[in-house]
Amino acid sequence: MQAARLKDRATDMSSTIDTSPEQERVWHLDEEPHHADGHSTPLGFWMYLMSDTLIFAILFATYAVLGDRYGGGPDQKALFDLRLIALNTAMLLLSSITYGFAMLNMDKDNQPGLRKWLLITAAFGAAFLVIELYEFYHLIHAGYGPWSSAFLSSFFVLVGTHGLHVTFGIVWLFVLLAQINRHGLTNSNRRRVETLSMFWHFLDVIWIGVFTIVYLMGAI
Amino acid sequence: MANAEHAPAADGHIPHGDFRSYMTGFVLSVILTAIPFILVMSGGLESRRLTAVIVLLFAMAQIVVHMIYFLHMDPRAEGGWTVTSLVFTLIVLVICLAGTIWVMHNMDSNMMPDMIEDIAGEEPSGPGESDVPGQDMSPSE
């Protein structure tokens, strides 16, 4: 009795691991799990943004250490005009919401609407850059360039790196507009619009840190 | 595993919001930007430390608003990997910032007074006085 049951179990087991020669062995799945083109782009780009966050973290840390070493030169209160920064912040925030409108138009397959809102976003981004360059020009012209104190060195590197990111964001935006003009709203172009939207909103997040730590904290 | 790859959340599209969520994010951002600017531009509170803390809290709140309404962060997106990498980044970020400030502050407060004068005390000592701080030390050697 006992032996028979054991034998039964043994045959059971052998059948579950498919060793009987009459059953065809399956070495691979009939249907490979297929990955859509660009399926890993959002996560990959997110990883890039996170590494970029660390670059900015280092620049913020540098500024936190050097921001009060004026070397006999002027401090934040003497140099920064908060009204200009408020205007600058408004430009970047407006460009964030207009990019949102561009995304909504893309969802509705409204290509002219998408192009219009992308151009408005680029205009706000450019306005931000012009204001920032005006501020830089003003500082350097007054003799307070990045060479004049450790505070100004770290300030120009931190704010300049952010401005450089915005510049490349605008370049990317125009390249994307040319792509959409030529090829229409293909899946690749949709993905690129989505990826640029992550980049653009990320830059606005970094700017929150910049205007808080550099400008507002400096003016308190 | 194969089924998970076919799930709609993982088809390579970033989740986005609708008009209402974008506008909510925008209005919240405007409010969270305007309050600290007005606070600082009107001269701030009596306690500078309290003003700084308030301004920082508003910044953190606005960053969270941006993450939710503009970046559409979703704990379920990409099988949770975006949030995992975000948490990892935040940990490294806090270590970097806090560690740098702590170490450098510690170094500053442990510097010898002579060395600090050497760096920062150029204006108080006029041209007539001894312009090399270590000079008066040399005879005793």
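Reminder, nothing fancy here: chain letters follow the sequence lines and each chain counts from 1. Hydrogens, waters and symmetry mates play no part in the numbers below; they use all other heavy atoms, side chains included.
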Side chain, backbone, both or neither of B:Met73 within contact of chain A (heavy atoms, under 4.5 Å): side chain
Among B:Gly99, B:Cys96, B:Ala52, B:Gly43, residue most engaged with chain A (heavy-atom pairs, under 4.5 Å):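 Max contact count across the listed options: B:Ala52.
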Top contributor to chain B contacts, counting heavy-atom pairs under 4.5 Å, from A:Val65, A:Leu93, A:Leu49: A:Leu93
Beyond-backbone contact of A:Trp46 with B:Ser85, side-chain heavy atoms, under 4.5 angstrom: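 Yes - at least one pair of side-chain heavy atoms lies under 4.5 Å apart.
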Contacting region of B:Leu56 [heavy-atom separation from chain A under 4.5 Å]: both
Contact listing (chain B partner; residues 50-62 of chain A; heavy atom under 4.5 Å): A:Met50, A:Thr53, A:Leu54, A:Ala57, A:Ile58, A:Phe60, A:Ala61
Toward chain A, the part of B:Leu32 with a non-hydrogen atom under 4.5 Å: neither
Contacts of residues 74-89 of chain A with chain B (heavy atom under 4.5 Å):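 Under the 4.5 Å heavy-atom cut-off, A:Leu82, A:Arg83, A:Ile85, A:Ala86, A:Thr89 qualify.
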Under 4.5 Å from a heavy atom of chain B, the part of A:Phe101 involved: side chain
Point-to-point distance, once rounded to the nearest 0.5 Å, from OG of A:Ser197 to NE2 of B:His72: 6.0 Å
Value rounded to 0.5 Å, distance of CH2 in B:Trp81 from CG in A:Leu43: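 Atom-to-atom, B:Trp81:CH2 and A:Leu43:CG are 8.5 Å apart.
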Pairwise side chain to side chain donor-acceptor pair (under 3.5 Å) hits with a residue in residues 112-126 of chain A, at least two apart: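 Listed by first then second residue: A:Thr98-A:Thr121, A:Arg115-A:Asn181.
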Within residues 200-220 of chain A, residues adjacent to chain B where the heavy-atom gap is under 4.5 Å: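 Those residues of residues 200-220 of chain A which have a heavy atom under 4.5 Å from chain B are A:His201, A:Phe202, A:Asp204, A:Val205, A:Ile208, A:Phe211, A:Thr212, A:Ile213, A:Leu216, A:Met217, A:Ala219, A:Ile220.
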Atom CH2 of A:Trp147: over 12 foreign heavy atoms under 6.0 Å: yes
Choice from B:Val94, B:Leu45, B:Val30, B:Ile63 maximising heavy atom contacts with chain A below 4.5 Å: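 Between B:Val94, B:Leu45, B:Val30, B:Ile63, the count favours B:Ile63.
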Between B:Leu90, B:Leu97, B:Val92, the one whose heavy-atom pairs under 4.5 Å with chain A are most numerous: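 Of B:Leu90, B:Leu97, B:Val92, B:Leu97 has the most heavy-atom pairs under 4.5 Å with chain A.
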Other residues, nucleotides, ligands: >12 heavy atoms within 6.0 Å of A:Tyr48 OH: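 Yes, OH of A:Tyr48 has more than 12 neighbouring heavy atoms, counting only those of other groups under 6.0 Å.
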Residue B:Val103 versus chain A: region with a heavy atom under 4.5 Å: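 Answer is neither: B:Val103 stays 4.5 Å or more from chain A.
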Part of B:Met23 lying under 4.5 Å from any heavy atom of chain A: both
Residue pair A:Met103 / B:Phe70, side-chain heavy-atom distance below 4.5 Å: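 No. Closest side-chain heavy atoms not under 4.5 Å.
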Heavy-atom pairs under 4.5 Å with chain A, option from B:Thr82, B:Leu39, B:Ile101 with the top count: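 Result: the option with the highest number of such pairs is B:Thr82.
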